[in-house]
Amino acid sequence: MTMPFERISVVGLGYIGLPAAVILASRGVDVIGVDSNPQMVAAINNGKVHIKEPMLDIAVHSVVTTGRLKAVTHPKPAQAFLITVPTPLNTDRIADLSYIRTAAVSLAPVLEAGNLVVLESTSPVGTTEQMSRWLAEARSDLTFPQQAGENADILVAYCPERVMAGNVMHELIENDRIIGGMSLKSSERAIELYKIFLEGECLVTDVRTAEMVKLAENAFRDLNLAFANELSLICDQMGINVWELIRLANHHPRVDILKPGPGVGGHCIAVDPWFIVNSAPELAHLIRKAREVNDGKPDYVVNRVKEAATQFDQPVITCLGLSFKADVDDLRESPAVEIVRELARDGGKILVVEPHIDKLPLELNNLAGVELAGLNESLEKADILVVLVDHKVFEEIPPEAHVTKTVIDTRGMLR
Ligand code: SAJ
């Protein structure tokens, strides 16, 4: 079978780019992975992985060994470029597009007529067109869809990633993909690319709708999480067990309430709704409010722990979990980190149990009284037990290990 692409370049080898590079390489494409971090590039070329994701390490090792995946620090020519770089929020909660701009500027010199450039990074509406303008500024000898439509030399599309950390290697293949080409030809070529590995459907739309679909998906989840989190505050005040309430309500065939938690973390759901709010500040009332409700939850948890701490002289506070969600090592935008950092301000002893890391992140590492510790020891020493992440290992905690403690269980997991 002839491949529609012999060589594809993936720019940005993080949580999204590396798995995508690996899947393409495993299907027989020569993949050039580009990342500006030389240590990461060297590690990948040695078959090593900097991200904890089930099956990813084996897959990287395999495609590096067969020579299908090579990592480099500067782009090389390829038939297609997938851009998978971060789009974080800056301090004014505006999307920082500098990584996309840097990627565009760095790959522009190696672009050749007929190439496809696909942006996968979650981005505000209009970013793909902006990226295409940056490419055009760098390469006035080539034409782009905004200039030449269907006759453009370079094809440009937006195709948002939709995978869930912890299940990336399956979801990458199985989830349907939204394809938003800047021209029909761009969409058709992008479909050819994704069909190399995709079992899900390719759903074609225009570029701006594709960008908005991605933002709407994450804002939808954020709103549902805000509903659950707000219910948890209301139930606490009314003396109702929110977990019991949700369990019962979810027996209704059309009700599916999510689980409350200590807040909403990660680099996606806690970030992307702001892209919509910034595009339509006068209209995005619910979306903004959901962000505020979810962002307010860590403070609420901190206050509950502080209130509990007043019953003790010098309490040992054990915090279970630090990652932004269960069974991952990812600490980005984690409400648990924020809660531990705030609790540490009061100067007490805090034992942090996080089985997925072997040292505390920088922002907690230098805080007096905060220590990464083992589960059993921390349970034993705890006066106050705060459950922040519903890691599977914590399900094994027997009732006798916590019944005598003051427990603040933000995930409703201890029996
Ligand atoms: N959470 C709860 N209660 C729940 C479910 C989640 O408190 O019932 C919390 C988690 O602990 C975490 C946060 O919400 O702090 C977000 O976790 P998540 O599992 O909902 O989502 P992410 O951030 O891992 O991945 C999301 C996914 N988007 C949607 O489900 C709409 C994923 O498909 C996207 O690809 C990803 O964002 C992304 O990269 O945009």
Side-chain angles (χ1 to χ4, degrees), residues 12 14-20 51-54 84-89 95 120-124 158-172 174-178 200 210-233 242-243 246-247 249-250 256-276 287 290-291 293-298 300-301 320-339 356 387-392 394 409-413:
Y15 287 76
I16 300 301
L18 185 58
I51 297 164
K52 246 194 204 167
E53 179 62 44
T84 50
V85 294
T87 43
L89 285 181
E120 284 205 6
S121 315
T122 305
S123 306
Y158 181 68
C159 178
E161 61 83 11
R162 296 170 122 181
V163 287
M164 183 78 101
N167 197 25
V168 170
M169 300 308 275
H170 291 292
E171 291 206 359
L172 199 52
E174 288 160 12
N175 292 359
D176 296 341
R177 298 294 293 245
I178 309 295
E211 288 168 333
M212 191 63 175
V213 167
K214 170 67 195 190
L215 302 180
E217 289 166 2
N218 281 355
F220 170 85
R221 191 145 171 96
D222 199 40
L223 251 89
N224 282 281
L225 288 164
F227 179 73
N229 280 328
E230 188 165 287
L231 267 186
S232 76
L233 307 187
V242 72
W243 308 102
I246 292 173
R247 186 177 65 77
N250 283 352
D256 189 8
I257 304 174
L258 294 177
K259 292 194 218 134
V264 170
H267 46 292
C268 309
I269 307 237
V271 170
D272 308 344
W274 288 115
F275 298 174
I276 302 182
I287 297 173
R291 275 289 65 245
V293 168
N294 289 332
D295 273 355
K297 193 74 196 282
Y300 172 79
V301 176
L320 298 185
L322 209 53
S323 59
F324 86 94
K325 64 189 252 183
D327 304 319
V328 300
D329 66 340
D330 192 341
L331 305 184
R332 289 178 295 176
E333 314 283 332
S334 172
V337 173
E338 189 182 336
I339 289 166
H356 299 89
V387 183
L388 295 174
V389 186
D390 43 349
H391 288 315
K392 277 210 178 62
F394 300 152
D409 182 358
T410 71
R411 300 281 185 176
M413 65 172 325

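Whatever order the structure lists ligands and atoms in, that order sets their numbers, starting from 1.
No side-chain donor from either of T410 and K297 sits under 3.5 Å from a side-chain acceptor of the other.
In this view, E230 satisfies the salt bridge (Lys or Arg N to Asp or Glu O under 4.0 Å) rule with no residue, not counting sequence neighbours. Under the side chain to side chain contact (heavy atoms under 4.5 Å, CB included) criterion, L223 pairs with L286, I287, A290, sequence neighbours left out.
Not one N or O on the side chain of N167 forms a donor-acceptor pair closer than 3.5 Å with the backbone of V163. No side-chain donor-acceptor contact under 3.5 Å links E120 to the backbone of P160.
Within 4.0 Å of ligand 1, protein heavy atoms belong to E161, R162, V163, M164, K214, E217, N218, R221, L225, L258, K259, V264, G265, C268, I269, D272, F324, K325, R411, listed by chain and number.
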Donor-acceptor pairs under 3.5 Å, side chain of residues 330-338 to any protein atom, not counting sequence neighbours: which ones?
| residue | atom | partner | partner atom | Å |
| --- | --- | --- | --- | --- |
| D330 | OD1 | R332 | N | 3.0 |
| D330 | OD1 | R332 | NE | 3.1 |
| D330 | OD2 | R332 | NE | 3.4 |
| D330 | OD2 | R332 | NH2 | 3.0 |
| R332 | NH2 | H267 | ND1 | 3.2 |
| R332 | NH2 | H267 | NE2 | 3.3 |
| S334 | OG | L322 | O | 2.6 |
| S334 | OG | S323 | O | 3.2 |
| S334 | OG | A336 | N | 3.2 |

